[in-house]
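Below: the structure, in structure tokens.
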Amino acid sequence: MTVALASVLEIHPQVAVRPEAFGALAYHYGNRRLIFLKHPDVVTVVQALHDHPDVQSTLSACGVTQDRWPSFIAALTSLETSEVVREREITG
Amino acid sequence: MSAKSLVEEMKRGLDAPICLTWELTYACNLQCVHCLSSSGQRDERELSTDEAKKILDDLRDLQVFYINIGGGEPMVRRDFFELLEYSVSNGIGVKFSTNGAFIDEEKAQRLASMDYIDIQISLDGVDAATNDAVRGEGSHAMAIRAMDNLKAANFGQFKISVVVTRHNVSQLDQFKALADFYGAQLRITRLRPAGRGADTWHELHPTNAQQREIYDWLLKHGENVLTGDSFFHLNAFGEALPGLNMCGAGRVVCLIDPIGDVYACPFVIHDEFKAGNVRDEGGFAKVWKKSDLFLSLREPQSAGACASCGAFDACQGGCMAAKFFTGLPLDGPDPECVAGDADEALSVVTRSSAPKPGMDHSKPITLTRKKLPVGA
């Protein structure tokens with residue numbers, strides 16, 4: 001899947017994120033993979049996904065300027081592939 | 001950020017280890033000739049259950065995602081399952097290494113019922129003769145029985161963990177087939193001259209021609225085979241192998257030994273690489289974040305004699321522990337430098353002048369080698 005601005009995402013429930021100087025480490029307890037989030041802003045966005053309706057509003061809320069959106073879409077696509085983030089499940 | 005700059009970040013150390021090995025006990029039913037921790041007999045100073053749980057509390061607070069438990073044979077501890085459950089309930093996954101002696105049908109089912117547990121069964125030969133020469137008589141059958149039990153209990157994908165020696169390099173394809181048969185994942189790691197391995201490394205470590213074989217094999221199969229990133233010294237052959245190409249000691253890796261001493265990595269149980277003890281004030285977190293040793297290992301390291309070698313970026317000078325216990329300078333080539341740059345230095349180091357492993361918990365009489373213990 002390619003993540004789009006309209007995608008509705010969340011951190012995968014089996015993933016823990018630990019901040020580090022370079023960004024963060026994410027660990028997926030299901031597939032036992034360690035993933036590097038290589039920029040603090042990506043970490044901020046990933047952690048904010050759940051609080052906003054979609055990717056675009058998350059990026060705006062995190063103060064990511066529009067010229068950087070394509071690189072964030074690419075980063076989120078890669079994180080979706082490695083199951084750090086996933087399509088949000090609608091509950092309740 | 002490029003892969004290279006990520007490695008540079010990792011060299012400066014992480015806020016918490018990503019590969020923490022915790023040897024739960026020095027007690028072991030086996031007496032492998034290459035045992036990294038010279039295990040055999042329990043140390044009376046061994047951490048209590050409460051102390052072990054306090055470490056797990058600390059690791060949870062540090063957000064350590066998972067730990068690698070070993071020994072000795074960790075399953076000989078009576079509180080083994082209690083600690084496993086405590087760890088997992090605190091969000092810390094456990095991968096433990098075992099010789100399989102205690103994985104009977106019941107234990108296999110119990111393990112299969114738990115989440116976030118990985119098991120590594122140690123096996124150093126596909127046949128009993130090759131394996132038992134290193135790990136002791138009956139140890140091959142022991143491991144196979146454990147794997148049969150795990151398979152029957154539908155544990156899922158456990159790991160078969162192989163230390164590569166000159167006697168099993170030729171079996172790599174067979175190990176892979178064995179892992180495939182069990183639905184397991186193969187893990188192969190480098191033989192280190194640590195613990196009792198310091199005495200046996202010279203006879204057991206792969207020849208240079210075999211190192212090339214290992215490298216070629218890993219290039220072909222590397223994506224599906226775990227290595228603990230332990231073969232990065234082979235990157236000097238050419239294309240980089242998958243994994244982190246650096247020494248992680250004290251930066252992303254460390255060892256907690258059964259009595260709570262914290263070492264830079266599982267292969268350097270020696271005072272020179274001891275950073276502190278979890279029983280000290282501040283516990284593990286302070287040792288990881290503040291110890292002089294770990295802070296110094298996170299400083300830029302000199303390439304020393306390797307600085308002029310074109311392959312240094314590829315191999316990073318190899319493994320600190322391998323150099324240390326073979327008596328080589330730490331800022332020079334790895335004893336298994338594929339360019340042969342350590343051969344001359346190795347030839348003038350006598351075994352008696354090389355550092356001796358820090359502690360020895362070997363049983364007084366070895367089961368696998370019928371000779372008197374040193375000093376008897």
Side-chain angles (χ1 to χ4, degrees), chain A residues 3 10-51 55 59 62-65 67-86 89, chain B residues 1-20 59-68 87-96 114-120 156-159 185 187 223-224 226 228-229 242-244 246 248 251-253 285 288-289 298:
Chain A
V3 170
E10 64 180 0
I11 297 184
H12 194 289
Q14 279 189 293
V15 167
V17 176
R18 182 176 95 204
E20 287 285 349
F22 58 84
L25 282 170
Y27 181 67
H28 193 299
Y29 284 93
N31 62 28
R32 269 75 156 170
R33 277 178 192 254
L34 197 60
I35 299 106
F36 299 89
L37 307 187
K38 296 166 195 166
H39 197 290
D41 290 347
V42 174
V43 182
T44 308
V45 167
V46 164
Q47 290 182 319
L49 284 169
H50 193 80
D51 302 327
V55 168
L59 292 172
C62 294
V64 178
T65 52
D67 56 310
R68 297 171 72 204
W69 287 2
S71 69
F72 277 74
I73 292 292
L76 288 170
T77 300
S78 144
L79 291 174
E80 202 267 346
T81 306
S82 51
E83 296 182 85
V84 173
V85 302
R86 67 170 192 184
E89 292 195 353
Chain B
M1 186 184 287
S2 69
K4 183 159 182 184
S5 63
L6 184 61
V7 166
E8 294 309 312
E9 290 286 350
M10 307 278 267
K11 285 182 179 172
R12 285 193 278 271
L14 297 176
D15 289 353
I18 50 175
C19 183
L20 182 144
L59 299 180
R60 174 200 59 210
D61 294 344
L62 284 169
Q63 269 196 285
V64 169
F65 304 122
Y66 60 92
I67 53 177
N68 306 296
S87 184
V88 170
S89 69
N90 277 289
I92 307 166
V94 176
K95 179 164 79 177
F96 72 90
M114 299 174 73
D115 284 331
Y116 309 129
I117 300 291
D118 280 326
I119 305 176
Q120 287 182 176
Q157 194 185 52
F158 60 89
K159 289 151 179 67
Q185 191 168 24
R187 177 176 190 265
E223 291 296 340
N224 301 311
L226 301 171
D229 299 348
L244 198 58
M246 59 176 265
R251 297 157 159 173
V252 303
V253 171
W288 178 261
K289 289 178 179 171
R298 294 166 194 166

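Quick note on labels: first sequence line is chain A, next is B, and so on, each numbered from 1.
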Open item on the list: So, taking the atom named CZ in B/Arg12 and the one named CD in A/Glu20, what distance separates them when rounded to the nearest 0.5 Å?
Closed with: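 So the CZ of B/Arg12 and the CD of A/Glu20 are separated by 12.5 Å.
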
Open item on the list: Can you tell me how far apart CZ (A/Phe36) and CD1 (B/Ile18) are? Round to the nearest 0.5 Å.
Closed with: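 Nearest 0.5 Å value for the CZ-CD1 distance: 5.0 Å.
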
- [ ] Could you list the residues that satisfy salt bridge (Lys or Arg N to Asp or Glu O under 4.0 Å) with A/Asp41, not counting sequence neighbours?
- [x]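 So A/Asp41 forms a salt bridge (Lys or Arg N to Asp or Glu O under 4.0 Å) with A/Arg68.
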
Open item on the list: Heavy-atom pairs under 4.5 Å with chain A: which of B/Gly13, B/Ala16, B/Gly91 has the most?
Closed with: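 Most heavy-atom pairs within the cutoff with chain A belong to B/Ala16.
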
Open item on the list: So, using ring-ring contact (aromatic ring centres under 6.0 Å, His included) as the criterion, who are the partners of B/Tyr116 when residues are at least two apart?
Closed with: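 ring-ring contact (aromatic ring centres under 6.0 Å, His included) list for B/Tyr116, sorted by chain: A/Tyr29.
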
TODO: Taking all heavy atoms of A/Arg18 and all of B/Val64, pick out the closest pair and write down the distance.
DONE: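 Result for this residue pair: NH1-CA, 4.0 Å.
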
Task: Min side-chain heavy-atom separation A/Val15-B/Phe65 under 4.5 Å - done: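 The answer is no, as the side chains (C-beta and beyond) never meet within the 4.5 Å cut-off.
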
TODO: Please look at A/Tyr27 and chain B and tell me whether the side chain, the backbone, both or neither of the residue comes under 4.5 angstrom of a heavy atom of that chain.
DONE: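 Both the backbone and the side chain of A/Tyr27 come within 4.5 Å of chain B.
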
Task: Contacting moiety of A/Leu34, where chain B heavy atoms sit under 4.5 Å - done: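 When you check distances to chain B, only side chain atoms of A/Leu34 fall under 4.5 Å.
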
Open item on the list: With a 3.5 Å distance limit and no angle check, can you tell me whether A/Arg32 reaches the backbone of B/Tyr66 through a side-chain donor-acceptor pair?
Closed with: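 No: the side chain of A/Arg32 does not pair with the backbone of B/Tyr66.
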
